[in-house]
Amino acid sequence: MKGQRKNSRDRISALPQDTIEKILTLMPIRDALRTSILSRKWRYCWTTMAKLVFNDRNGNEEIDEHKFVKAIFHVFLLHKAPILEFSLFVNSEIFSEIDQIILHLSRGNNLKKFIFEILGTDTYLLPRSFFSLQGLEHLDLSYCTFELPLMYNGFSRLKTLRFCDVSITIDMLFQFLINCPIVEEFAWLRDYWIDMEITEYEFVELFKCLPSIQVLEFSRLYIKPLAACGMPHKLPISLPHLRILVLGVCFVDLSTVLCVINSCPNLEKIKMEMYWDHNKCLQQTFSNLHDIQDYLGLKLDHLKEMEITSFTNHALEMEFVKLVMANSPVLKKALVELDISVSVDEEVKMLRDLLQIPFPRASPTANFIIKRPKNYYRYRN
């Protein structure tokens with residue numbers, strides 16, 4: 001028995017450094033600071049970790065905010081190596097303390113990845129010191145306010161950018177993106193079913209700020225049409241690097257969606273969530289249904305996968321699916337997930353129509369799948 005215990009301790013102590021660090025990042029901070037209980041080798045392992053993760057919730061158990069902040073500054077005090085990745089998830093309004101944390105990170109000028117999420121009744125305004133994190137390559141911000149300082153030089157190394165419910169004006173977003181010239185992945189998201197409303201002109205201008213974009217995601221986006229003119233068939237610029245397009249839009253904006261797709265010659269994946277704001281949709285005519293005829297020459301030579309969720313089987317939606325499948329010669333998979341509002345009878349009718357009138361497919365091997373959401377029957381009952 002004694003030999004077995006000794007071997008167990010040896011196995012823990014002998015774990016590779018990267019494995020130890022991965023385990024520590026998954027542990028609550030107070031437990032990570034007590035790792036000597038596992039192995040003496042682990043006691044100060046966290047002082048040289050390049051990746052630090054702080055979360056003030058341990059499951060459903062809330063951590064005292066003062067102890068939480070004290071633990072973070074304790075780590076900063078004893079930390080000996082450059083911090084390359086830093087994640088902070090906060091559910092309390094410790095704004096001044098967060099300011100100090102960001103200020104500390106900006107002094108080292110080593111940070112490459114920063115993930116920050118704060119939940120509270122008031123909105124947290126990022127401090128000026130945040131814009132000194134010039135080495136950032138990955139930035140993920142949630143539920144905070146973003147205002148550019150007068151002296152803003154941009155993030156020249158930034159490649160991945162994710163905004164979730166970040167309060168920022170469209171003009172300020174343009175100014176920010178223009179000064180981040182090599183962004184390859186950009187996600188602009190909204191939770192709580194809050195629409196992002198921008199004009200068609202602003203939508204087009206946004207792409208001019210993303211010349212190197214490869215992965216693009218918008219959620220709950222509503223494009224307000226211009227009265228003077230409609231969307232062009234293509235954007236003023238081509239997006240040759242864009243491979244993955246993820247959209248959550250009101251599907252009445254079909255001409256806008258097609259305009260973007262038509263400007264991406266190397267697109268490999270399209271993922272769309274459709275939702276209907278009936279008040280907005282009823283204010284517009286469905287001339288977009290006729291606009292599909294203008295895209296019969298659409299080329300999707302590299303598209304391999306299409307996924308559509310919240311599909312209501314509106315004629316506009318089905319015409320879009322037919323168009324994509326008719327112009328995608330290497331398509332492997334087309335997945336349509338029905339909206340919860342679609343009844344079983346409607347689903348049967350849709351399947352019957354598809355069998356009786358099969359639509360043209362450019363790819364003979366394309367797998368067309370229709371399914372219901374996982375929680376459909378729970379919601380219906």
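From a predicted model like this one, the values you see are computed outputs, not experimental measurements.
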Are V166 and T145 close enough, and set up right, to give a side-chain contact (heavy atoms from CB on, under 4.5 Å), and what steps lead you there?
CA-CA 6 Å; V166 172; T145 299; over 6 Å; no
Steps toward side-chain contact (heavy atoms from CB on, under 4.5 Å) verdict (M306, M325)
CA-CA 9 Å; M306 175 178 66; M325 296 196 68; 4.2 Å; yes
Please report the C-alpha distance between E319 and K322 in whole Å, then the side-chain angles of each, then the deciding distance to 0.1 Å, and finally whether the side-chain contact (heavy atoms from CB on, under 4.5 Å) criterion is met.
CA-CA 5 Å; E319 287 299 313; K322 292 178 180 179; 4.0 Å; yes
For I369 and K333, run side-chain contact (heavy atoms from CB on, under 4.5 Å): C-alpha distance rounded to whole Å, both residues' side-chain angles, the deciding distance at 0.1 Å, then the answer.
CA-CA 8 Å; I369 304 169; K333 178 181 178 182; 4.3 Å; yes
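Residues V204 and P236 come closest through the heavy atom pair CG1-CD, 3.3 Å. Annotation for H138 and L158: closest pair N-CD1, 3.8 Å, computed over non-hydrogen atoms. The two residues F86 and L88 come nearest to each other via the heavy atoms CE2-CB, 3.8 Å. Closest approach of H79 to M49, counting heavy atoms only: NE2-O, 2.7 Å. For the residue pair N179 and Q175, the shortest heavy atom distance occurs at ND2-O, 2.8 Å. Annotation for I213 and E184: closest pair CD1-O, 3.3 Å, computed over non-hydrogen atoms.
Counting only heavy atoms from C-beta outward, the side chains of L125 and E147 approach each other to under 4.5 Å. The closest side-chain heavy-atom distance from L216 to W188 is not below 4.5 Å. Inter-residue side-chain proximity for L139 and T160 is flagged as unmet; no heavy-atom pair is nearer than 4.5 Å. Annotation: side chain of I261 is in contact with side chain of I270 (closest heavy-atom distance under 4.5 Å). Between L245 and F218 there is no side-chain heavy-atom pair separated by less than 4.5 Å. The side-chain heavy atoms of Q134 and N109, taken from C-beta on, include a pair separated by under 4.5 Å. You'll find the side chain of L141 reaches within 4.5 Å of the side chain of L126, heavy atoms only. Contact of the V330 side chain with the L303 side chain is not registered, since no non-hydrogen atoms from C-beta on lie closer than 4.5 Å.
Hydrophobic clustering (ILVMFWY, side-chain heavy atoms < 4.5 Å, transitive): I170 and I168 are in one cluster. I244 and L189 fall into different hydrophobic clusters, where Ile, Leu, Val, Met, Phe, Trp and Tyr are joined by side-chain heavy atoms under 4.5 Å apart, directly or via other members. Both F311 and L351 are members of a single hydrophobic cluster when ILVMFWY side chains are connected at heavy-atom separations under 4.5 Å. F203 and M172 fall within a single hydrophobic cluster, where Ile, Leu, Val, Met, Phe, Trp and Tyr are joined by side-chain heavy atoms under 4.5 Å apart, directly or via other members. No chain of hydrophobic side-chain contacts below 4.5 Å, direct or via other Ile, Leu, Val, Met, Phe, Trp or Tyr residues, connects V246 to L239.
In this structure, F176 and F163 have tilted ring planes: the angle between them lies in the 30° to 60° band. Ring geometry for F131 against F155 counts as tilted: the plane angle lies between 30° and 60°, on a 0 to 90° scale. By the 30° and 60° cut-offs, the orientation of the rings of F76 relative to F73 is perpendicular.
In this structure, CZ on F207 lies 11.5 Å from OG on S238, to the nearest 0.5 angstrom. One finds the CE atom of M350 at 11.5 Å from the CZ atom of R352 (value rounded to the nearest 0.5 Å). Rounding to the nearest 0.5 angstrom, the gap separating the NZ atom in K159 from the CZ atom in R157 is 10.5 Å. With rounding to the nearest 0.5 angstrom, the CG atom of L210 is 9.0 Å from the CG atom of L161. Q214 CD to N266 CG: the interatomic distance, rounded to the nearest 0.5 Å, is 10.5 Å. Between the CD atom of E97 and the NZ atom of K70 there is a distance of 14.0 Å, given to the nearest 0.5 Å.
Judged by distance alone, the side chain of S363 and the main-chain N or O of L331 form a donor-acceptor pair under 3.5 Å. When atom types are taken as modelled, the side chain of E217 and the backbone of L247 share no donor-acceptor pair closer than 3.5 angstrom. Side-chain N or O atoms of S263 include one that pairs as donor or acceptor with a backbone N or O of L235 at under 3.5 Å. When atom types are taken as modelled, the side chain of R372 and the backbone of V342 share a donor-acceptor pair closer than 3.5 angstrom. N327 contributes a side-chain N or O that, together with a main-chain N or O of L323, makes up a donor-acceptor pair within less than 3.5 Å. Judged by distance alone, with hydrogens and angles left aside, the side-chain atoms of H66 form no donor-acceptor pair with the main-chain N or O of F68 at under 3.5 Å. When atom types are taken as modelled, the side chain of D56 and the backbone of N91 share a donor-acceptor pair closer than 3.5 angstrom.
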Side chains of residues 110-119: which donor-acceptor pairs under 3.5 Å do they make with residues two or more places apart or in other chains?
| residue | atom | partner | partner atom | Å |
| --- | --- | --- | --- | --- |
| N110 | ND2 | G108 | O | 3.1 |

Would you be so kind as to tabulate the donor-acceptor pairs closer than 3.5 Å made by side chains of residues 98-107, with sequence neighbours excluded?
| residue | atom | partner | partner atom | Å |
| --- | --- | --- | --- | --- |
| D99 | OD1 | Y124 | OH | 2.5 |
| S106 | OG | L103 | O | 2.7 |

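Other residues, nucleotides and ligands contribute only 12 or fewer heavy atoms inside 6.0 Å of the NZ atom of K271. The 12-atom threshold is not exceeded at CZ of R128, counting heavy atoms of other residues, nucleotides or ligands nearer than 6.0 Å.
Applying side chain to side chain contact (heavy atoms under 4.5 Å, CB included) to M274 and the options D339, T309, I308 leaves one that passes, I308.
Donor-acceptor pairing under 3.5 Å is lacking for the side chains of S343 and D345. Looking at E337 and S310, their side chains never bring a donor and an acceptor atom within 3.5 Å of each other.
In this structure, K208 pairs ionically with E205, as a charged nitrogen and a carboxylate oxygen lie closer than 4.0 Å. Using a 4.0 Å cut-off between charged nitrogen and carboxylate oxygen, E185 and R162 do not count as a salt-bridge pair.
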